[in-house]
A.B. asks: 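Input: one structure, supplied below.
In what follows, chains are A, B, ... by sequence order, proteins preceding strands, each numbered from 1. Below, each value reflects all heavy atoms present in this structure, side chains not excepted, and no hydrogens, waters or symmetry copies. Because the structure is a prediction, the values reported are computed rather than measured.
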2 protein chains.
Amino acid sequence: MERYNKHPKHFVAVDCVILGYDEGELCLLLYPRGFQPSKGAWSLMGGFVQNNESSDDAAKRVLKQTIGLEDIFMKQVGTFAEPDRDTEDRVISIAYYALVRIEEHDKACVREHGAHWWPISELPAMIFDHRKMVDKALLKLQQEAGYRIIGQELLAEKFTMLQLRQLYQAIFQREFDPGNFRKKILSLDVLERLNEKNMLESKKGAFYYKCKEENNERGLDRIVKV
Amino acid sequence: MERYNKHPKHFVAVDCVILGYDEGELCLLLYPRGFQPSKGAWSLMGGFVQNNESSDDAAKRVLKQTIGLEDIFMKQVGTFAEPDRDTEDRVISIAYYALVRIEEHDKACVREHGAHWWPISELPAMIFDHRKMVDKALLKLQQEAGYRIIGQELLAEKFTMLQLRQLYQAIFQREFDPGNFRKKILSLDVLERLNEKNMLESKKGAFYYKCKEENNERGLDRIVKV
DNA sequence: ACAAAAGTGTTGCGGCTACACCCATGA
DNA sequence: TCATGGGTGTAGCCGCAACACTTTTGT
C-alpha cells in the first residue's frame with residue numbers, strides 16, 4: 001500500500017567537504033568534473049544515496065571510495081535543495097564535512113580520480129553551489145573546534161602544542177598567543193602528556209600529547225570565543 | 001540527456017518543528033496521525049517536496065497551510081535519512097524549526113487539522129524519529145538565542161524585559177537574575193525603548209521594548225554562555 | 001653568542017554574579 | 001503597610017590577553 005505515490009521522487013546525493021591539514025594550512029580535496037557542462041571545473045566528492053542506505057552511509061561510502069579511509073570524523077553540514085542547483089537534472093544534496101589526516105589517505109586512490117588538495121586560501125571556482133557547502137562546512141568546523149579539541153582528527157595520534165596551536169590558527173584564521181593557548185588547552189584536562197619529545201621542530205624539544213578517551217564527550221568550557 | 005538515471009529516486013519530505021511561547025513555556029504544535037500505522041500518535045506538520053520547489057519553499061508552504069502565517073522565522077535543523085525511518089515507505093525528511101507568535105496564528109486552520117499545542121515539558125510520544133527532530137531543534141534554538149535576541153519572533157512586536165527574560169528562561173531552562181539580564185541585553189544596544197508602559201504585569205509599570213532593525217545582522221557578543 | 005621554540009609567571013582589564021537597595025503602586 | 005516587579009548600583013571573582021622572563025639546544 002503506497003500512500004505517498006501522488007508525490008514526486010527526487011535524486012538525493014551526498015557531497016563531501018573533505019578537509020585535511022598540511023604545512024600550516026587547511027586543505028580541501030576536489031576533483032575535476034569530467035564532462036559537460038562545467039567540464040574541468042572543480043567539484044566536491046559526491047555520490048547518490050542508494051536504496052537501503054542512509055545518507056550517513058552514503059557519505060562514508062564516498063569517503064571510502066575516494067580516499068580509502070574508514071572511521072573518519074564526519075558531520076552533516078546541511079541540505080541543499082534548490083530545484084535548479086544541478087544544471088543536469090534536479091538533485092537534492094546533503095552536504096557533509098570530513099576531517100582526515102592528509103598523510104594517511106590512499107594517494108593512489110586519490111590520484112586515480114585526478115583529485116587535488118587545495119589550500120583553503122586559494123580555492124578554485126567550483127561547480128553548482130559547492131562553494132556554499134564549503135563555506136558552511138568551515139563555519140561548522142569552527143563551532144566544533146570551539147567546544148572540543150580537534151587534534152587527532154587532523155594531526156596524528158600524538159602532536160605537540162605547537163602543532164595544535166598552528167592547526168587552530170588555520171581553523172580560526174587568527175593568531176593565538178603561545179603561552180595563553182597552552183594554558184587554556186591544558187586547563188581543560190582533556191590531553192595526556194606522553195613521555196616523548198618531538199626534537200624536529202625546536203632545539204629544546206616539545207612534549208607530545210594525545211587526546212584522552214573521554215574527550216569525545218562534549219560539554220567542556222568553550223575554548224575559543226567566536 | 002539524463003546521466004543520473006541508474007540511481008534511485010526517493011520521496012523527500014519536510015517536517016516542521018513549530019514552536020510558540022505561552023504562559024512561561026515553549027510549546028510545540030503537533031497533530032494526530034489519522035491512519036495506520038501509528039494511528040492516533042502525534043506527528044509534526046510535514047509535507048512532500050514537490051518539483052520546482054526548494055525544501056525551504058516546501059516548509060513555508062506547510063507552515064502557510066497549517067497555521068495560516070507567512071514570513072515566519074525558520075531554519076533548517078537537519079536531514080533524517082535512515083532507510084526505515086518511515087514505516088510506510090522510504091522517505092528522506094528535512095527538518096525545520098519555526099518560531100511563531102502563538103496568539104497570531106489561524107486557530108480555525110489549526111483546529112481543522114486537529115492540531116494541539118503541547119508544552120515542551122510534557123510532550124507526548126511521537127511517530128518515527130520526530131522526537132529526535134524536536135530535540136535537535138531545541139538545541140538549535142538555544143544556539144540562535146545565544147547570539148541574537150529572539151524576541152519579536154515568539155513574543156509580540158513590543159515586549160517588556162520581564163517577558164523577554166521569561167522567554168529566555170523557557171528556552172534555556174534556567175533562571176536569569178533580573179538585574180543582570182536587563183543590563184546584559186541593554187548593553188548589546190539592539191533594543192529600542194518605547195514611550196509606553198505595560199501596566200498589567202506589575203504595579204509600577206514596565207517599559208515596552210522592540211528590536212531595532214539591524215538586529216538581524218548577527219555578530220554580536222554572545223548573550224548566554226552555553 | 002645567538003636564535004628560536006618550550007614553558008612558566010605576572011599583571012591589568014572587563015565581564016559576569018550575587019547581591020543590596022530604592023521606586024512606584026495596587027490590594 | 002505590605003508585597004511585587006521595575007530599575008540601578010556595587011563589590012568580588014574569574015578568565016583572558018598581553019607580555020616579561022627563564023630554559024634548552026642546534027648552528
A.B. asks: Taking atom P of D/dG15 as reference, at what distance in whole Å does atom CG of A/Leu188 sit?
C.D. replies: 11 Å
A.B. asks: Could you check how far CE of B/Met161 sits from C1' of D/dT8, rounded to whole Å?
C.D. replies: 13 Å
A.B. asks: For B/Glu175 and D/dG5, give me the distance from atom CD to atom P, rounded to whole Å.
C.D. replies: 12 Å
A.B. asks: State which of C/dC16, C/dA6, D/dG6 makes the closest approach to the side chain of B/Arg182.
C.D. replies: D/dG6
A.B. asks: B/Ala41: what forms a side chain to side chain contact (heavy atoms under 4.5 Å, CB included) with it, not counting sequence neighbours?
C.D. replies: B/Ser38, B/Ile127
A.B. asks: Round to a whole Å and report the spacing from CD of B/Gln163 to P of D/dG7.
C.D. replies: 12 Å
A.B. asks: Should the pair A/Asp135-A/Arg131 be classified as a salt bridge under the 4.0 Å nitrogen-to-oxygen rule?
C.D. replies: yes
A.B. asks: Can you tell me the distance, in whole Å, between the CD atom of B/Gln166 and the C1' atom of D/dT4?
C.D. replies: 13 Å
A.B. asks: Does any pair with a residue in residues 23-32 of chain A pass salt bridge (charged side-chain N to carboxylate O under 4.0 Å, His left out), and if so which ones, sequence neighbours excluded?
C.D. replies: none
A.B. asks: Donor-acceptor pairs are to be reported for all side-chain atoms of residues 158-165 of chain B against protein atoms at under 3.5 Å, with residues two or more places apart or in another chain.
C.D. replies:
residue	atom	partner	partner atom	Å
B/Lys158	NZ	B/Glu196	OE1	3.1
B/Lys158	NZ	B/Glu196	OE2	2.6
B/Thr160	OG1	B/Gln163	N	3.1
B/Gln163	OE1	B/Thr160	N	2.9
B/Gln163	NE2	B/Glu201	OE2	2.9
B/Arg165	NH1	B/Gln169	OE1	3.4

A.B. asks: Without decimals, in angstroms, what is the distance between B/Phe176 CZ and D/dG7 C1'?
C.D. replies: 19 Å
A.B. asks: Among B/Ile18, B/Leu44, B/Val14, B/Asp15, find the one that has a side-chain contact (heavy atoms from CB on, under 4.5 Å) with B/Val62.
C.D. replies: B/Val14
A.B. asks: List the residues meeting ring-ring contact (aromatic ring centres under 6.0 Å, His included) with A/Trp118, not counting sequence neighbours, and say none if there are none.
C.D. replies: A/Trp42, A/His116
A.B. asks: Please list, chain by chain and in numerical order, all residues satisfying side chain to side chain contact (heavy atoms under 4.5 Å, CB included) with A/Lys132, sequence neighbours excluded.
C.D. replies: A/Phe80, A/Asp129
A.B. asks: What's touching nucleotides 9-11 of chain C from the protein side, N or O pairs under 3.5 Å?
C.D. replies:
residue	atom	partner	partner atom	Å
C/dG9	O6	A/Lys183	NZ	3.0
C/dT10	O4	A/Lys183	NZ	3.3

A.B. asks: Output the residues of residues 196-209 of chain B in contact with DNA chain D, where contact means a heavy atom of the residue under 4.0 Å from an atom of the strand; sort by number or write none.
C.D. replies: B/Glu201, B/Ser202, B/Lys203, B/Lys204, B/Gly205, B/Ala206, B/Phe207
A.B. asks: Could you state the atom-to-atom distance from CZ of B/Phe181 to P of D/dG7 in whole Å?
C.D. replies: 13 Å
A.B. asks: Roughly how many Å is it from CZ in B/Arg193 to P in D/dG6, rounded to a whole number?
C.D. replies: 14 Å
A.B. asks: Going by side chain to side chain contact (heavy atoms under 4.5 Å, CB included), name the residues that satisfy it together with A/Lys183, two or more places apart in sequence or in a different chain.
C.D. replies: A/Asn180
A.B. asks: Does a nitrogen or oxygen in the side chain of A/Lys184 sit under 4.0 Å from OP1 or OP2 of D/dC16?
C.D. replies: yes
A.B. asks: Of all residues at least two apart in sequence or in a different chain, which pass the side chain to side chain donor-acceptor pair (under 3.5 Å) check with A/Glu104?
C.D. replies: A/Arg101
